[in-house]
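Before I ask anything, here is the structure I am working with.
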Amino acid sequence: MIKQKQNKGFTSKFGFLMATVGSAVGLGNLWSFPYRVGEGGGAAFVFIYIIMVCLVGVIAMIGEFVIGKRSGVNVIDTFGGISKWSKWLGYLGVIVPFLILCYYQVIGGWSIKYMVDYIGGIGVASGEGNVGSMFGTFTQSVDMPVVYLFVFAFVVAIIVLFGVNKGIEKASKILMPALFVCLIIVVIKSLTLPNASEGLLFLFKPDFSKVKGPTILSALGQVFFSMSLGMGINVAYGSYMKDSMNIGKSSVLIGVMDTVIAMLAGMAIFPAVFSFGLEPTAGPGLLFVVLAEVFASMGAIVGRIFGAIFFMLVILAAITSSIALLEVPVQFIVERFHINRKLASMCVAGIVFGIGAFIAMSFGVKAFQVEGVDLLTLFDSITNKIILPITAASTCLLVGYKVKPKNLMNDLGADKKNKVIIYKIWGFLIRYVTPIGILCVLGIGIYEIFSGEAGFTTIEGKLAIILTAIVLVVFSIIANVIANYLYDKKQKNSLQL
Ligand code: TRP
């Protein structure tokens with residue numbers, strides 16, 4: 001999927017945009033955004049999220065594209081090129097997508113189960129029983145979630161193995177608009193349900209008294225996750241950008257499209273939540289439970305058709321994101337250890353599936369839970385709430401202080417008159433506002449995690465999150481030290497910034 005610069009990378013602006021939007025739009029928009037809005041109290045979360053997209057998301061995305069476009073190589077060598085002591089950021093940028101993929105595919109598997117049910121008119125689509133409790137019964141069973149995870153992981157691995165570059169790019173150009181249209185239809189159906197306006201109020205009328213530290217941290221983590229920030233993928237895409245492409249405009253456009261899709265998912269789900277008297281705080285099952293109700297209300301045949309198409313698009317959006325997530329560690333292993341690409345893909349995919357199987361079973365099997373919390377929530381918290389803020393803030397600081405102002409102005413592609421103004425604003429944001437903001441939010445969030453205001457109640461649970469995150473950071477710093485001695489003794493800071 002990821003091509004070397006010699007292969008020219010992206011040829012058209014549209015292709016580049018669709019590929020980045022294809023990587024950005026995925027389960028983050030359709031599955032986690034709505035459930036986090038529900039947990040975070042509705043409109044206040046949405047408001048904070050949108051502010052974060054502007055002040056943090058777009059700013060950091062520009063930064064990643066800038067260094068990627070200037071380096072033209074993989075993430076670790078890009079960071080190594082900036083300074084030999086910033087390689088650890090690159091290592092984290094490889095570890096995090098790997099960890100995310102482990103649970104991402106579990107949800108991909110759940111989506112396959114739903115699509116199969118709608119096609120076959122069985123399970124949630126059988127018209128019998130309570131669709132809400134069926135989701136719980138399914139995820140808490142031991143066998144089927146693993147089987148569906150396997151199917152999903154297998155498809156992703158096969159695609160990466162054969163590297164169907166063009167196929168995916170072409171497919172994204174059709175699938176992304178198709179997803180958009182399908183989402184709009186579900187939104188319309190949802191908005192015409194009785195009591196739909198309550199859902200809209202929940203989504204658009206903020207009540208800031210509900211906002212706490214963990215809510216803000218959750219919004220920030222969601223911005224990173226949804227815009228695929230802090231894990232090297234945009235550095236990689238930046239390295240395939242043509243010189244003529246405008247980094248500033250592209251980043252704004254990607255931010256807008258990603259947010260619009262997430263908001264549409266919210267508008268599909270919340271009117272239905274209130275119409276059917278469900279709980280907005282249902283957590284990770286929200287998408288599955290609520291939409292099953294919406295499709296059931298459409299009538300047997302129509303509901304089944306829409307259900308099948310909708311979950312098929314969810315699966316496809318998840319597949320395009322999974323491929324990019326898998327590509328990050330695979331590309332690194334191939335380039336660093338000179339292992340055959342097929343072997344590397346198979347090994348990584350196999351390990352991801354193995355870990356994913358435990359995550360899939362952790363909903364029903366107490367032994368696989370940490371302090372009563374399933375592994376999906378645990379992996380999600382460690383990566384999105386702790387590691388990504390650290391990598392993203394560090395990347396902003398590096399870009400802000402290391403890249404020469406003159407070069408930055410060129411890369412931002414502003415025209416002469418507003419160049420200086422745009423540069424000054426962006427330069428100020430990326431050096432001070434964004435990193436300090438991220439670190440404050442991280443600090444407040446961690447403090448409140450410890451004070452027990454968020455999710456994990458026992459001290460062991462809290463420590464499990466924090467300690468694992470610390471271990472990962474220390475591990476990547478050790479890898480940085482080892483790499484400096486083993487490979488790069490004489491390496492100079494090679495990147496022209
Ligand atoms: N942004 C993707 C989503 O919303 C998930 C994601 C996070 C991702 N990091 C990534 C996708 C890196 C591709 C590459 O679902």
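All ligand and atom numbering here is 1-based and tracks the order in the structure. Treat the numbers as computed from the prediction; the structure is a model and nothing was measured. The chain is numbered in sequence order, starting from 1.
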- [ ] Scan for salt bridge (charged side-chain N to carboxylate O under 4.0 Å, His left out) pairs involving residues 218-236, sequence neighbours excluded, and state none if there are none.
- [x]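 Matches after skipping sequence neighbours: none remain.
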Task: Check: Gln105/Ser322 side-chain N/O donor and acceptor closer than 3.5 Å - done: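 Looking only at side-chain atoms, Ser322 and Gln105 do not form any donor-acceptor pair under 3.5 Å.
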List, for ligand 1, each N/O atom that has a protein N/O partner under 3.5 Å away, with both atom names and the distance.
unit_1: ligand 1; atom_1: 1 (N); unit_2: Ala24; atom_2: O; d: 3.0
unit_1: ligand 1; atom_1: 1 (N); unit_2: Phe225; atom_2: O; d: 2.8
unit_1: ligand 1; atom_1: 1 (N); unit_2: Ser226; atom_2: O; d: 3.0
unit_1: ligand 1; atom_1: 1 (N); unit_2: Ser228; atom_2: OG; d: 3.0
unit_1: ligand 1; atom_1: 4 (O); unit_2: Ala24; atom_2: O; d: 2.9
unit_1: ligand 1; atom_1: 4 (O); unit_2: Gly28; atom_2: N; d: 3.2
unit_1: ligand 1; atom_1: 4 (O); unit_2: Asn29; atom_2: OD1; d: 3.3
unit_1: ligand 1; atom_1: 15 (O); unit_2: Leu27; atom_2: N; d: 3.0
unit_1: ligand 1; atom_1: 15 (O); unit_2: Gly28; atom_2: N; d: 2.9
unit_1: ligand 1; atom_1: 15 (O); unit_2: Tyr104; atom_2: OH; d: 2.4

- [ ] Report yes if the distance between the aromatic ring centroids of Phe138 and Phe288 is under 6.0 Å, otherwise no.
- [x]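 Centroid separation for Phe138 and Phe288: 6.0 Å or greater.
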Open item on the list: Just to verify, what does Glu64 make a side chain to side chain donor-acceptor pair (under 3.5 Å) with, not counting sequence neighbours?
Closed with: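 By the side chain to side chain donor-acceptor pair (under 3.5 Å) rule, Glu64 matches Asn234.
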Open item on the list: Testing Val289, Val294, Thr281, Leu278 one by one against Val273 for a side chain to side chain contact (heavy atoms under 4.5 Å, CB included), which residue passes?
Closed with: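 One option only clears the test, and that one is Leu278.
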TODO: Under the side chain to side chain donor-acceptor pair (under 3.5 Å) rule, collect the residues that match up with Lys385, sequence neighbours excluded.
DONE: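 Side chain to side chain donor-acceptor pair (under 3.5 Å) check on Lys385 returns nothing, list empty.
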